[in-house]
2 protein chains.
Amino acid sequence: MLLDVICNLDFHFTPEDLQTALADQGCNMALTTIYRNLPSLENAGIIRRTTFMEEQERGASTYEHIWGKPHHDHLLCQNCGQKIEFQYDALEVLQEEVARQHGFTLLRHHMELVGLCPQCQESAP
Amino acid sequence: MLLDVICNLDFHFTPEDLQTALADQGCNMALTTIYRNLPSLENAGIIRRTTFMEEQERGASTYEHIWGKPHHDHLLCQNCGQKIEFQYDALEVLQEEVARQHGFTLLRHHMELVGLCPQCQESAP
DNA sequence: CTGTTATTGCTAATGATATGCAATACGTAG
DNA sequence: CTACGTATTGCATATCATTAGCAATAACAG
């Protein structure tokens, strides 16, 4: 049930969002239970915790489902909060390069680009 | 006093680290006060909050002082927790490029590369 | 059907951070 | 130097996300 709801959510969600979505499906699950299950789903590679530095002051952490999706990072509008997924291989290559320069083996990364989306540039220039 | 201690700390610190460091200097400051002052220092561009996705589960957020230092990102060893600062302009250029492709004006970014440092590669291969 | 184990919900603990408020330090005008 | 208004502090307490304890229930094997 939890899995099903997660896979039908299109974007970033908090544990509470999940609870609401579950309730909408007629399934009343305690928040505790959700919190207890999220780590398993994360380890299983079904969801990923994506807390944005930019928003993390106060508020629950967010997740997104990544099952079957290719790796991506996010572009975030500081004004409207809109999040855009992108994939840019050249960036990944350069990150590898940086790691190599320091003798590191790169395992993963967290990257978040913060700016103004086209609409917000117009409305607040 | 707070400022002085911060500038003498070489690396990432939590609010509690600050309290300890202050106490070492004979200055007993309540944690509350430290929490109240950190945002000002952050707005003033003296410190920057650098919570690592990789470590954030449980535990206080960390800051680093950036006053007078050039922009940099971090390479983090997942095994020993060692943090290395780096600067790699080509990466920044590509980030700009990604933003442009999506019509965004890039304001800043948060990037954290996670891997294994040279020492930890040997000891845990 | 019955005993065993895993999962749930509820309530209460935890830990980081924020807030209310009274006490104190500070800065300035006289 | 002194009196007063403002800003800063400490303390105790609140808040909020997350976790842990535990008893009740569901799932499941024999």
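A, B, ... follow the sequence lines: proteins, then strands. Residue 1 opens every chain. Values below: every heavy atom of this structure, side chains too, minus hydrogens, waters and symmetry copies.
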Between Gln95(B) and His109(B), does a side chain to side chain donor-acceptor pair (under 3.5 Å) hold up when you go through it step by step?
CA-CA 9 Å; Gln95(B) 291 176 342; His109(B) 68 258; 2.9 Å; yes
Between [X] ([atom1]) and [N] ([atom2]), how many Å, whole number?
X: Gln19(B); N: dG15(C); atom1: CD; atom2: P; value: 16 Å
X: Met29(B); N: dT24(C); atom1: CE; atom2: P; value: 18 Å
X: Arg36(B); N: dC11(D); atom1: CZ; atom2: C1'; value: 10 Å
X: Met1(B); N: dG10(D); atom1: CE; atom2: C1'; value: 18 Å
X: Ile34(B); N: dT17(C); atom1: CD1; atom2: C1'; value: 13 Å
X: Leu18(B); N: dT17(C); atom1: CG; atom2: P; value: 12 Å

Are His12(A) and Phe52(A) an aromatic pair, judged by ring center distance below 6.0 Å?
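Yes: the rings meet the under 6.0 Å criterion.
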Are Glu55(A) and Lys83(A) within salt-bridge range, i.e. N to O under 4.0 Å?
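The answer is yes: the pair qualifies as a salt bridge.
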Basic-acidic side-chain contact under 4.0 Å: Glu92(B), Arg108(B):
no
Close side-chain approach of Ile46(B) to Leu3(B), heavy-atom, < 4.5 Å:
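When only atoms from C-beta onward are counted, Leu3(B) and Ile46(B) do touch, with a gap below 4.5 Å.
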So, the side chain of Gln19(A) versus the backbone of Met29(A): is there a donor-acceptor pair under 3.5 Å, distance only?
yes
List, with names and distances, any nitrogen or oxygen atoms from the protein found under 3.5 Å away from nitrogen or oxygen atoms belonging to nucleotides 14-19 of chain D.
{"from": "dT18(D)", "atom 1": "OP1", "to": "Ser61(A)", "atom 2": "N", "distance (Å)": "3.3"}
{"from": "dT18(D)", "atom 1": "OP1", "to": "Ser61(A)", "atom 2": "OG", "distance (Å)": "2.8"}
{"from": "dT18(D)", "atom 1": "OP2", "to": "Tyr35(A)", "atom 2": "OH", "distance (Å)": "2.0"}
{"from": "dT18(D)", "atom 1": "O5'", "to": "Tyr35(A)", "atom 2": "OH", "distance (Å)": "3.4"}

On the nucleotide dG9(C), are OP1 or OP2 found under 4.0 Å from the side-chain N or O atoms that Asn28(A) carries?
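Looking at the OP1 and OP2 atoms of dG9(C), neither is under 4.0 Å from any side-chain N or O of Asn28(A).
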